[in-house]
Amino acid sequence: MPNPELHDWLDQVMKATDEGTIKWRMANPTTYTWEIPAPKNGRVILQRVDRMETYQVAPGRVAQRKIVQYILQVFDLQKLQVPAIQLSGAEDPEANTQLEKLFGVASSAATRDSLNFLKSLLPGEPGTGGPHTK
Amino acid sequence: MQSDIQSQVSRLIELLQGPFWKHVDFWVFLLLSLAGLGVAIAGLLYSIRAFKEAHQAKLEAQQAKQAATEAGRTVKAQTVAIELGEISQRLERLQPDILFSEARELLNEVSRRLRRAISPFAEDPALKVTISAVRQALDTAQSSLKGVRPTNPGNEREVPGAVYNGIEADFATIGNLVADLLGLFEKQTFDSGVRNAKS
């Protein structure tokens with residue numbers, strides 16, 4: 001079970017992400033990062049890890065199922081290399097559920113930002129130099 | 001003239017009335033017949049003997065072929081076991097700070113060597129299931145690797161451990177399956193040695 005303070009912190013991050021005050025950047029298709037500028041100098045990394053688990057369906061018969069887990073790492077950039085906090089969904093199923101929600105919110109926000117950029121490219125939208133630009 | 005004929009008939013009657021074994025012709029024909037029979041029996045005996053020898057030679061040739069095939073299989077199994085041991089060591093090179101390009105290179109090498117080593121045994125009843133699982137694990141690892149391809153390769157070091165986290169479980173699965181295969185190949189080599197000792 002995640003620490004209650006950590007639980008609250010994750011809720012606040014989710015809320016801020018949804019409101020657009022926290023910007024997540026896609027580092028790779030399964031990882032998002034959030035950079036906290038100076039003077040705090042921090043970096044939060046959220047990663048989705050898919051793995052196949054083999055299980056027995058009947059004596060002598062095995063099958064595989066996909067397991068999705070999430071990892072959250074928080075780095076203090078002044079003390080890089082070792083994460084200040086690391087939360088792994090593999091060790092904490094409850095935290096995994098919360099991280100899954102955060103990943104979904106971050107992913108949606110990143111997609112929304114990309115779509116806003118795409119929309120801004122259309123003629124007539126502000127900043128494109130189209131005929132309606134003032 | 002008539003007396004000549006009569007004398008010849010008398011002679012013929014005299015000849016026919018005498019026992020046949022007193023005639024040289026009979027003994028000549030008898031000897032020739034016996035000699036022919038002897039040659040025929042000898043020929044038959046030699047044929048039987050030749051057939052037996054040919055049959056024996058065929059059996060020995062089949063046994064030699066089987067032994068050669070078994071020896072070849074044993075050598076192949078030993079070669080594959082050595083290759084699997086090396087692959088197992090390569091899999092341990094996965095480090096937490098590995099970069100995407102290094103991981104891709106490592107997975108490609110492991111995948112190529114592993115598939116090449118196990119493909120001749122894909123239909124072997126004792127290995128079939130494990131080989132199928134290995135191939136599936138390699139495909140899954142390739143898929144997981146695609147999931148950690150950096151959006152901007154220049155910033156890859158900003159997310160330390162991302163590549164490792166993404167593929168570590170798949171590498172562990174491949175490592176376990178390689179260990180299973182290694183055990184099965186070692187068993188095959190052992191069983192083959194036992195069979196050779198018995199024969």
Side-chain angles (χ1 to χ4, degrees), chain A residues 24-36 41-57 60-77 79-91 96 99 103 106-107 110-111 113-114, chain B residues 91 94-104 107 125-181:
Chain A
W24 291 88
R25 184 174 56 81
M26 184 193 271
N28 63 49
T30 56
T31 309
Y32 287 94
T33 61
W34 163 35
E35 299 285 334
I36 300 114
N41 272 331
R43 180 178 295 140
V44 181
I45 301 172
L46 178 63
Q47 183 174 10
R48 189 190 77 219
V49 177
D50 298 344
R51 67 179 182 85
M52 298 305 286
E53 186 182 73
T54 304
Y55 67 102
Q56 195 165 4
V57 284
R61 281 186 62 203
V62 291
Q64 286 191 317
R65 63 182 161 212
K66 189 176 174 183
I67 303 284
V68 181
Q69 288 163 343
Y70 295 85
I71 298 170
L72 182 86
Q73 291 173 303
V74 183
F75 286 91
D76 180 344
L77 294 183
K79 306 169 190 171
L80 201 62
Q81 297 308 320
V82 183
I85 293 173
Q86 178 157 328
L87 192 57
S88 171
E91 293 153 14
N96 200 52
L99 292 175
F103 191 91
S107 173
T111 307
D113 287 349
S114 301
Chain B
L91 285 168
L94 186 71
Q95 297 295 321
D97 59 347
I98 195 165
L99 297 176
F100 176 79
S101 58
E102 295 165 345
R104 184 177 57 192
L107 182 58
L127 304 167
K128 202 174 180 177
V129 174
T130 314
I131 286 176
S132 175
V134 168
R135 285 174 167 172
Q136 199 173 351
L138 288 171
D139 290 342
T140 306
Q142 287 285 1
S143 175
S144 296
L145 189 64
K146 279 183 192 165
V148 289
R149 180 192 291 273
T151 312
N152 181 356
N155 296 338
E156 191 182 353
R157 288 184 195 277
E158 289 180 6
V159 280
V163 174
Y164 178 83
N165 291 335
I167 61 173
E168 185 261 338
D170 296 314
F171 268 57
T173 305
I174 295 169
N176 290 339
L177 289 167
V178 166
D180 284 346
L181 271 181

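Keep in mind that this is a model prediction, so the values were computed, not measured. Residue numbering restarts at 1 for every chain, and letters A, B, ... go by the order of the sequence lines.
Taking each heavy atom of B/Gly166 and A/Gln47 in turn, the nearest pair found is N-NE2, 3.7 Å. Here the closest non-hydrogen pair linking B/Gly147 and A/Asn28 is O-OD1, 3.2 Å. In terms of heavy atoms, A/Thr30 sits closest to B/Val148 at OG1-CG1, 3.7 Å. Between A/Gln73 and B/Asn165 the shortest heavy-atom distance is OE1-ND2, 4.4 Å.
For B/Tyr164, there are no ring pair (Phe, Tyr, Trp, His ring centres under 6.0 Å) partners, not counting sequence neighbours. By the salt bridge (Lys or Arg N to Asp or Glu O under 4.0 Å) test, B/Asp180 pairs with no residue at all, sequence neighbours left out. B/Glu158 meets the salt bridge (Lys or Arg N to Asp or Glu O under 4.0 Å) test with A/Arg25; sequence neighbours excluded.
Residues of residues 137-146 of chain B lying under 4.5 angstrom from chain A, judged on non-hydrogen atoms, are B/Thr140, B/Ser144, B/Lys146 by number.
With a 4.5 angstrom heavy-atom cutoff, A/Glu53 does not touch chain B via any of its atoms. For a residue to count as touching a neighbouring chain, one of its non-hydrogen atoms must lie under 4.5 Å from one of that chain's; by this rule A/Gln69 does not touch chain B.
Most heavy-atom pairs under 4.5 Å with chain A: of the set B/Pro150, B/Ala169, B/Ala162, this distinction falls to B/Ala162.
Distance check: B/Asn155 CG to A/Glu35 CD gives 8.5 Å after rounding to the nearest 0.5 Å.
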